[in-house]
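All ligand and atom numbering here is 1-based and tracks the order in the structure. Since the structure is predicted, the reported quantities are computational estimates derived from the model, not experimental observations.
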Amino acid sequence: MTGTASSTLLYQEATANVEDAARAIDMDQKVRRVLLKPMNELIVNFPIQRENGEHEVLQGYRIQHNNVLGPFKGGMRFHQGMDLNESRALATWMTFKCALLNLPFGGAKGGVAINPAHYGTAELERVVRRFTHALGENIGPEFDIPAPDMGTDAQTMGWMMDTYLNSRGPGERQNARRVVTGKPVELGGSLGRESATGRGAAYALRHLYGQLDRTLSGQSAAVQGFGNVGSHVAAAFTELNMKVVAIADISGVVYNPEGLDIAKLTLHASQHRGVATFDACDTITPEEFFALDVDVLVPAALESQITAENVNDIRAHTIVEAANGPVTAEASKVLEEAGLNLIPDILANAGGVVVSYYEWVQNKTSSRWTARDIDSRLRDAIWDASDRVWSIRNDRGCSWRQAAYIEASNLLQKVYRLRGIFP
Ligand code: NAD
């Protein structure tokens, strides 16, 4: 499907981010035109057998937005809302995220339009393997490198890698393991990849507080989403002595003004498919969640969660966009005008792709870095990008988001100027 009203709006917002940065840096028209359109768009329809013996035909997507900086790179999302426009928006953001972080990668995104909660493990394995098979030569270790995203995880990447390797000749297999990142450590994954996006978001917040000369210890936070990203954001905040008072996920919202025990909640959520039934807390509605009187609010689930409808309820002074596109353009404007700090997604959640790059390099060089080494490199990468965004924002008096897009666009434009546009 091309798109619903909400995914079409999402893609319009992604192209508006590009247009906005192009105007700000007076970008060459030809570069602007190139960056406004994905390079390649792939739709695959493939059958899988359900447990009851019936066959069902699923639709999968892979959008390869741009590869001027390096191989296409981006997650694979399994979600019922996945479609062409959502993939286009997410792929566009990946190009700018990789450019902002100075990674030798381009941008891509894809996935399958299913609700993974409605499929058993064996069925999901068949979905992953058939999807990978359908993608065929359209992914590859030096061409397009998937990673986990919403509804997918390290196991998904393990199946994807195994399926891809089985389509290679025996002599090529070991070298092709880096066709995916975010795979289990035992299969060549990197230490620190699973927590990287959440820890990266916490490093971005630490940088902001450092610049503002404020202390994070004792600050209260609410986190929406308790999957890969949200659970590690909450754990990293706890390490910083922050008080995580509320967590929202698909099952409900839990709230304790004294602070939630994140280690216990993580165990509970894994055993009960969500946070909702956790004791030692109150339950509140999603509307009340966004209106909580906290210092830091972290949307780490879906896009378009803070919109014109609920933006005026927000009482937090800092928002960390750990999810992709969680705050609409309209709402961002309101928050900016109200003087809130908003760490934009292409910076706040870049930790995942940064450590994916480290995984890819380790696979390429048959090496293994320590967890401590990876974490300190991740911190330096996020702080370096944050420094650059901070100084553009101060120089130009623009929003955080504009500053991040300007920095990324400057690099993309420079590379196009040096290479020229073929022929
Ligand atoms: P995930 O599937 O591991 O977790 C998603 C979480 O969101 C779950 O806790 C789920 O219950 C919750 N959720 C879903 N629908 C909800 C709703 N309507 N209300 C409240 N909560 C809801 O996904 P993830 O990997 O943590 O990804 C979350 C976001 O972060 C996505 O926007 C993704 O694109 C982005 N992101 C992920 C990574 C990564 O490394 N996984 C990297 C960069 C960005």
Distances for all N or O pairs of ligand 1 and the protein under 3.5 Å?
from, atom 1, to, atom 2, distance (Å)
ligand 1, 2 (O), Gly151, N, 2.9
ligand 1, 3 (O), Asn228, N, 2.9
ligand 1, 9 (O), Phe226, N, 2.9
ligand 1, 9 (O), Gly227, N, 3.1
ligand 1, 11 (O), Ile250, N, 3.0
ligand 1, 21 (N), Ile250, N, 3.4
ligand 1, 26 (O), Asn228, N, 3.2
ligand 1, 26 (O), Val229, N, 2.9
ligand 1, 32 (O), Arg77, NH2, 3.4
ligand 1, 32 (O), Ala301, O, 3.1
ligand 1, 32 (O), Asn324, N, 3.1
ligand 1, 34 (O), Arg77, NH2, 2.8
ligand 1, 34 (O), Asp149, OD1, 2.7
ligand 1, 34 (O), Asp149, OD2, 3.2
ligand 1, 34 (O), Asn324, ND2, 2.8
ligand 1, 40 (O), Arg193, NH1, 3.4
ligand 1, 40 (O), Arg193, NH2, 3.2
ligand 1, 40 (O), Thr197, OG1, 2.8

Next on the checklist: What I want to find out is whether Glu359 reaches Arg177 closely enough, with some N-O distance under 4.0 Å, to be called a salt bridge.
Outcome noted: no

Checklist entry - Any side-chain donor-acceptor pair under 3.5 Å between Asp153 and Thr156? => result yes

Checklist entry - Quick one: are Asn349 and Val229 in side-chain contact, heavy atoms under 4.5 Å? => result no

Checklist entry - Taking only residues two or more places apart in sequence or in another chain, which ones pass salt bridge (charged side-chain N to carboxylate O under 4.0 Å, His left out) with Glu125? => result Arg129

Item to check | Thr92 side chain near Asn17 side chain, heavy-atom distance below 4.5 Å | outcome: no

Checklist entry - Any chance the side chains of Asp295 and Tyr209 put a donor and an acceptor closer than 3.5 Å? => result no

